[in-house]
Amino acid sequence: MLQSMTGIGVRESAKYIYENAKDVTINVEQCRKAATDIYINMMKNSYSTETWATHILNPKTKDQSTVDWIFVVDLLNFSFWSDVDDKDTGRADSQRYTVKWMDIEWTGYWSLCAAINRALAEDIPITSPAFWNNHERCTDDLIAHVFRSETTEKVPMLTERIACLREAGSILTKEFGGSFVDCIEKADKSAIALVKLVVEKFPCFRDESEYEGKTVKIYKRAQILVSEIWACFNQHSYGDFNDIDEITMFADYRVPQILHSLGCLEYSEELTQHIQHLIPIEHGDAREIELRGCSIWSVELIKKEILKQNPGTKVNAILIDFFLWDAAKAAQKAMGTEQKAIQCHRTRSIFY
Ligand SMILES: Nc1nc2c(c(CN[C@H]3C=C[C@H](O)[C@@H]3O)cn2[C@@H]2O[C@H](COP(=O)(O)O)[C@@H](O)[C@H]2O)c(=O)[nH]1
């Protein structure tokens with residue numbers, strides 16, 4: 001089956017999806033070319049785990065409160081694409097969901113981080129699992145207040161976000177002493193063991209789908225959770241893992257877009273039209289699974305090529321992913337209202 005003895009089965013799932021995909025293909029030659037450019041740019045920007053802390057919204061302290069911050073962010077790190085910002089400008093003046101914090105209007109993924117930081121500044125202990133578990137103090141209305149918007153569009157999937165907080169609050173309080181730190185310690189420096197623990201114990205992280213007769217494992221939020229801890233703590237302390245290179249790219253809706261722009265991913269004409277006309281794709285649809293699985297496998301090919309061209313370099317799928325995601329966001333900002341070469345696919349899901 002897909003579950004390899006040592007890994008979590010994501011890489012094997014991605015390969016299986018790639019080998020069976022109908023609407024998405026990988027241009028292997030383009031992946032090779034992209035690998036060279038990506039590596040040059042990563043080195044130019046000295047892209048490393050240190051880059052994580054340079055993001056203004058990411059915490060600078062390195063202690064348990066930082067682990068709790070990363071946990072709540074990646075517990076809720078899903079579905080920020082907008083129903084009203086049709087050109088995907090990422091700008092508040094499109095009326096898309098926006099959080100105002102430090103006099104800046106944050107959208108997309110960064111709106112989540114801004115909302116968490118704003119709540120902490122308002123003395124709402126939003127990173128505390130015990131708080132999420134206390135329905136009297138932490139009411140649904142208070143959570144809605146935490147995620148309040150500056151614009152007409154509200155935060156997508158608020159009900160699902162509240163459910164994720166309640167589920168994780170109960171599990172962490174009852175089984176792990178009230179903090180994800182306990183899960184990290186139980187994984188004993190294995191990133192793979194930690195991902196497995198997260199997907200086994202927390203159903204809202206169990207990002208799996210049925211595809212061509214098999215259960216395929218994507219585990220996007222579980223893998224980015226472990227990876228952000230690794231990056232934030234610069235491979236020390238809570239971020240000290242001996243098998244971190246086993247982690248794959250995180251299959252979201254933003255990185256496929258840049259992989260397509262780089263020519264690494266190619267879509268069928270039908271899928272291209274579907275995406276360009278902003279037509280939703282249901283979670284679990286074969287086309288969604290192919291977009292996600294081929295993205296993971298494409299980054300594996302890019303990683304292999306980088307390591308072949310630069311033996312011994314400290315690059316893995318995580319750093320390539322972070323680099324591609326940051327590059328995709330920079331491209332979105334630079335392009336503003338211009339028509340994107342390809343839009344992000346539109347699936348409402350708690351998994352990414
Ligand atoms: N593959 C991948 N997906 C990522 C991230 C991040 C945030 N990473 C930052 C934190 C540390 C790193 O250094 C990055 O700077 C968010 N997402 C996903 O994107 C989507 C949001 O997109 P938009 O609506 O356009 O903001 C949504 O599915 C969210 O889950 C990543 O890094 N990789």
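Start at 1 and go down the list; that is how both ligands and their atoms are numbered. Each residue takes its place number in the sequence, starting with 1. Values reported hereafter were calculated over all heavy atoms of this structure, with side chains retained and with hydrogens, waters and symmetry mates removed.
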*Using distance alone, determine whether W325 and ligand 1 share an N or O pair under 3.5 Å.*
yes

*Would you mind listing which atoms of ligand 1 come within a distance below 4.0 Å of any non-hydrogen atom of G108?*
24 (O), 26 (O)

_ligand 1 atoms in contact with D326 (distance to a heavy atom under 4.0 Å)_ = 13 (O), 14 (C), 15 (O)

*asked:* Is the positively charged end of R348 above the ring of W81, judged by distance under 6.0 angstrom from the centroid and angle within 45° of the axis?
replied: yes

*Run the numbers for me: atoms of ligand 1, each under 4.0 Å from some heavy atom of H55, listed by number.*
13 (O), 15 (O)

*For ligand 1, which atoms have a heavy atom of W52 less than 4.0 angstrom away?*
11 (C)

*When you check the side-chain N and O atoms of E288 and Y352, is any donor under 3.5 Å from an acceptor?*
yes

*asked:* Applying a heavy-atom cut-off of 4.0 Å, say which part of V255 lies close to ligand 1: side chain, backbone, both or neither.
replied: side chain

*Hey, which atoms in ligand 1 end up nearer than 4.0 Å to a heavy atom of F80?*
24 (O)

*Consider every N or O of S79 and every N or O of ligand 1, then say whether any pair is closer than 3.5 Å.*
no

_Within the structure, is a non-hydrogen atom of R221 found at a distance of less than 4.0 Å from ligand 1?_
no

*Would you say E228 has any N or O atom under 3.5 Å from an N or O of ligand 1, going by distance alone?*
no

*Does atom NZ of K154 have more than 12 heavy-atom neighbours, drawn from other residues, nucleotides or ligands, at distances under 6.0 Å?*
no

*Note the single closest protein heavy atom to atom 21 (C) of ligand 1, along with its residue, its atom name and the distance in Å.*
Y253 OH, 3.3 Å

*Report, as yes or no, whether the 6.0 Å neighbourhood of atom NZ on K329 holds more than 12 heavy atoms from other residues, nucleotides or ligands.*
yes

_Identified salt bridge (charged side-chain N to carboxylate O under 4.0 Å, His left out) counterpart of D85 within the set R346, R91, R96_ = R96

*Do K186's NZ or CZ and the ring of F176 fall within the cation-pi criteria of under 6.0 Å and 45°?*
no

*So, does K329 sit close enough to ligand 1 that a heavy atom of it is under 4.0 Å from the ligand?*
yes

*asked:* For F71 and F202, I'd like to know if the aromatic rings sit close, meaning centre-to-centre distance below 6.0 Å.
replied: yes

*Picking from N117, T61, D74, what satisfies side chain to side chain donor-acceptor pair (under 3.5 Å) with W69?*
N117

*Can you name the one residue among F250, W52, Y109, Y253 that meets ring-ring contact (aromatic ring centres under 6.0 Å, His included) with W325?*
Y109

*Which atoms of ligand 1 have any heavy atom of K220 under 4.0 Å away?*
3 (N), 17 (N), 18 (C), 29 (C), 30 (O)

*Do me a favour and list the nearest non-hydrogen protein atom to atom 2 (C) of ligand 1 with residue, atom name and distance?*
D321 OD1, 3.3 Å

*Is the shortest side-chain N to carboxylate O distance from D252 to R254 below 4.0 Å?*
no

*Taking N or O atoms only and a 3.5 Å limit, does D252 qualify as a polar contact for ligand 1?*
yes

_Checking T98 against E105: is there a side-chain donor and acceptor pair closer than 3.5 Å?_
no

_F250 N/O to ligand 1 N/O under 3.5 Å_ = yes

*Below 4.0 angstrom from a heavy atom of Y352, which ligand 1 atoms are there? Numbered from 1 as shown, please.*
28 (O)

*asked:* Check this for me - ligand 1, R254, N or O atoms closer than 3.5 angstrom, yes or no?
replied: yes

_Between E12 and K15 (salt bridge meaning N to carboxylate O under 4.0 Å), is one present in this structure?_
no

*When you look for heavy atoms under 4.0 Å from ligand 1, do you find them on the side chain of Y109, its backbone, both, or neither?*
both

_Side-chain H-bond candidate by donor/acceptor type, D68 with S179, under 3.5 Å_ = yes

*Please write down residue, atom name and distance for the protein heavy atom closest to atom 29 (C) of ligand 1.*
N77 OD1, 3.0 Å

*Quick one: look at T107 and ligand 1, take heavy-atom pairs under 4.0 Å, and tell me if it's side chain, backbone, both or neither.*
neither

*Any idea which protein heavy atom is nearest atom 32 (O) of ligand 1, and the distance to it?*
F322 CD2, 3.3 Å

*Do any nitrogen or oxygen atoms of Y47 come within less than 3.5 Å of a nitrogen or oxygen of ligand 1?*
no

*Decide whether E290 and Y211 meet the rule of one side-chain donor and one side-chain acceptor closer than 3.5 Å.*
yes

